[in-house]
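One structure is given here, and the rest of the page talks about it.
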Amino acid sequence: MGEDSPMRKLQIAEMAINSLYVDSVDEVRLVEDGIRGMIEKLDPHSSYMTAKEVKAANEPLQGNFEGIGVQFNMVEDTLLVVQPVVGGPSEKRGILAGDRIVYVNDTTIAGVSMPKEEIMRRLRGPKGTKVRLGIVRRGIADTLRFVIVRDKIPVKSIDAVYMIRPSVGYIRIGSFGAQTHEEFCQSMMKLTGEGMQTLILDLQENGGGYLQAAVAIANEFLHKDDLIVYTQGRRAPRNDYRAQGNGLFEQGKVIVLVDSYSASAAEIVTGAIQDHDRGIVVGRRTYGKGLVQRPIELPDGSMIRLTVSHYYTPSGRCIQKPYEKGKASDYARDVLNRLKSGELMHADSIHFADSLKYYTLKEHRTVYGGGGVMPDYYVPLDTTKYTRFHRELSARSYIINASLRYVDQHRKQLKKKYTTFSRFKQSFEIPQSVTDAILAEAEKQNIKPKDDAELQQTLPYLRLQLKALVARDLWETSQYFDIINETNDIVRRALELMKN
């Protein structure tokens with residue numbers, strides 16, 4: 001290391017601050033801040049994690065734990081629920097994505113700079129124990145109170161498996177974890193046994209996960225030696241991942257569903273199926289996360305996750321969308337910008353440069369690079385189905401609470417009357433008294449539809465959502481999707497395309 005090397009400069013700066021600064025400094029923090037400073041100027045996905053953060057980050061992908069069942073993030077000193085775990089205790093009690101947990105068992109956790117690990121320690125605990133939560137929900141003045149009984153949280157990564165039409169199977173994968181491939185194979189066996197010839201693979205809102213899981217699932221569809229994905233970086237040599245030719249579904253028809261929240265591992269599977277002309281992709285342009293991070297463990301158990309290469313689809317498309325170094329906030333706003341630009345409503349508002357043209361490997365169809373995977377069939381976002389009034393009811397938990405109360409009071413009668421789900425799906429209608437009660441309760445808080453037209457527009461979808469929630473409470477999430485998918489525009493488009 002020469003006297004004038006940049007490395008030496010960094011060392012001198014650290015030593016000078018440590019030995020000469022006017023106040024005492026925490027040398028560990030000093031070095032940490034230095035590392036964070038370097039990484040912040042790189043891409044949006046390189047990051048530094050403390051030893052405790054490393055442990056916490058690995059858990060959800062690995063299997064199961066005991067607690068209240070929420071995925072959360074810290075946002076400005078507040079715990080923000082990103083997603084309640086499907087079928088977990090929090091979701092069943094009506095905790096929603098976007099909720100902010102402000103106290104746990106009378107201890108305030110918001111705005112007090114409590115470390116994330118400390119908060120997790122308070123939320124987690126043995127199965128069967130109770131925890132009291134105070135929750136702030138956007139648009140509601142007072143703090144909501146919940147009591148949740150902790151339970152074993154299965155980290156299931158497949159949300160739904162069922163026959164959506166005769167000979168058509170449907171599998172929705174929520175994320176790609178350590179168990180996903182095994183879950184997927186079991187799901188495929190089940191559906192094949194029920195006569196599946198075509199598969200709808202739903203990757204809407206799937207934010208990704210393990211590369212290996214994505215490769216293993218793509219392998220089930222592709223022929224021997226088909227390229228699934230390759231990674232390449234400045235110092236990382238090209239690494240190809242290929243199909244082994246032992247797939248469960250090398251012949252049947254496949255339709256992949258995606259939207260602007262489908263990312264990373266989900267984009268690998270989608271890109272591989274599209275580029276090999278193995279199936280068609282329906283929905284909206286995917287997120288565009290194609291940077292591969294390599295974990296670099298530091299002596300104290302902390303870790304740098306450093307981006308070392310890009311993901312490329314078999315035709316050579318880079319999945320990563322463009323970004324400016326050091327501007328992580330613009331990057332995070334990309335999905336909102338797509339909404340504003342009209343892209344989510346109209347396919348023709350998306351323009352691709354000719355330099356981004358690529359061709360599929362078998363039929364030589366044109367596909368586009370430039371970040372994310374553009375579907376073969378574009379489905380605009382329908383903003384009329386989900387009215388402002390519906391959003392308000394949903395945000396304040398009126399809908400989920402009503403369904404919980406209803407099932408709670410009638411569980412026995414419901415189980416007796418609807419011995420099978422198909423009977424329930426066919427003939428159950430949510431009683432009008434339930435929707436009336438929701439409207440009355442909302443009105444007390446001065447939440448009303450703008451006019452009768454908005455109310456009439458809200459009711460059908462509201463009833464359907466309640467029916468789906470009741471089904472989920474009586475059975476599983478597969479049954480929830482079985483009902484709700486009948487109005488999902490991307491699913492419906494896929495079903496139409498299959499007829500033709």
Side-chain angles (χ1 to χ4, degrees), residues 81-84 91 94-100 135-142 144 202 204-205 257 259-261 282-284 335-347 349 378-407 425 428-473 477 480-496:
V81 176
V82 178
Q83 205 46 289
E91 191 198 45
I95 297 210
L96 300 178
D99 281 353
R100 287 163 169 73
I135 283 193
V136 170
R137 200 163 271 172
R138 179 164 296 166
I140 294 173
D142 38 345
L144 306 167
D202 193 345
Q204 292 180 79
E205 293 175 28
L257 314 185
D259 65 9
S260 49
Y261 295 102
V282 180
R284 292 184 276 281
V335 172
L336 281 175
N337 293 341
R338 292 187 198 186
L339 185 58
K340 288 191 186 123
S341 73
E343 167 180 332
L344 302 184
M345 318 305 170
H346 318 284
S349 62
Y378 182 86
V379 180
L381 185 68
D382 180 2
T383 48
T384 56
K385 186 175 71 190
Y386 197 46
T387 63
R388 177 205 53 88
F389 181 53
H390 191 127
R391 280 198 298 274
E392 294 238 336
L393 293 176
S394 202
R396 292 160 197 257
S397 286
Y398 291 128
I399 303 172
I400 184 135
N401 286 344
S403 79
L404 288 167
R405 268 200 310 269
Y406 174 73
V407 174
K425 186 181 178 181
F428 176 81
E429 291 284 329
I430 197 88
Q432 195 177 337
S433 58
V434 179
T435 46
D436 286 349
I438 293 176
L439 301 175
E441 203 181 332
E443 197 165 340
K444 273 190 220 146
Q445 303 289 326
N446 207 17
I447 295 158
K448 299 195 275 271
K450 161 168 100 249
D451 49 29
D452 192 57
E454 189 180 23
L455 177 64
Q456 294 317 321
Q457 214 175 2
T458 304
L459 285 169
Y461 190 55
L462 174 64
R463 287 196 192 102
L464 186 90
Q465 194 184 2
L466 282 161
K467 180 174 177 172
L469 288 166
V470 170
R472 183 179 69 191
D473 218 1
T477 49
Y480 171 85
F481 283 105
D482 192 331
I483 288 172
I484 212 80
N485 275 342
E486 294 303 318
T487 63
N488 180 305
D489 296 324
I490 293 179
V491 174
R492 285 169 60 173
R493 184 72 198 276
L495 290 168
E496 269 164 37

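Counting begins at 1 with the first residue of the sequence.
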Under the side-chain contact (heavy atoms from CB on, under 4.5 Å) test, which residues partner Asp452, sequence neighbours left out? Leu455, Gln456
By side-chain contact (heavy atoms from CB on, under 4.5 Å) - contacts of Asp451 (at least two apart): Ala453, Glu454
What's the verdict on side chain to side chain contact (heavy atoms under 4.5 Å, CB included) for Asp473 and Tyr480, showing C-alpha distance, side-chain angles and the deciding distance? CA-CA 9 Å; Asp473 218 1; Tyr480 171 85; over 6 Å; no
Parallel under 30°, tilted from 30 to 60°, perpendicular over 60°: which one fits the rings of Phe428 and Tyr406? tilted
Spacing of [X] atom [atom1] and [Y] atom [atom2] [to the nearest 0.5 Å]:
X: Ile430; Y: Ile438; atom1: CD1; atom2: CD1; result: 7.5 Å
X: Leu464; Y: Leu469; atom1: CG; atom2: CG; result: 9.5 Å
X: Leu381; Y: Asp259; atom1: CG; atom2: CG; result: 9.0 Å
X: Asn485; Y: Gln204; atom1: CG; atom2: CD; result: 7.5 Å
X: Leu462; Y: Leu393; atom1: CG; atom2: CG; result: 6.5 Å
X: Lys450; Y: Gln457; atom1: NZ; atom2: CD; result: 8.0 Å

I'd like to check [X] versus [Y] (side-chain heavy atoms, cut-off strictly below 4.5 Å). Are they in contact?
X: Glu392; Y: Gln445; answer: no
X: Gln465; Y: Thr487; answer: no
X: His390; Y: Ile399; answer: yes

Closest approach of [X] and [Y], non-hydrogen atoms and distance?
X: Glu91; Y: Pro84; result: CB-CB, 3.7 Å
X: Tyr378; Y: Arg493; result: O-NH1, 3.5 Å
X: Glu486; Y: Lys425; result: OE2-NZ, 3.9 Å

Is there a side chain to side chain contact (heavy atoms under 4.5 Å, CB included) between Leu257 and Asn488? Walk through the geometry before answering. CA-CA 11 Å; Leu257 314 185; Asn488 180 305; 5.8 Å; no
Report the C-alpha distance between Arg391 and Tyr386 in whole Å, list the side-chain angles of each, state the deciding distance to 0.1 Å, and finish with yes or no for side chain to side chain contact (heavy atoms under 4.5 Å, CB included). CA-CA 7 Å; Arg391 280 198 298 274; Tyr386 197 46; 3.4 Å; yes
Report yes or no: does Asp99 contribute a side-chain atom to a donor-acceptor pair with the main-chain N or O of Leu96 at less than 3.5 Å? yes
In a check of side chain to side chain contact (heavy atoms under 4.5 Å, CB included) between Val491 and each of Ile484, Asp202, Val379, which one passes? Asp202
Take Arg396 and Leu144 through the side chain to side chain contact (heavy atoms under 4.5 Å, CB included) test and state the conclusion after the steps. CA-CA 10 Å; Arg396 292 160 197 257; Leu144 306 167; over 6 Å; no
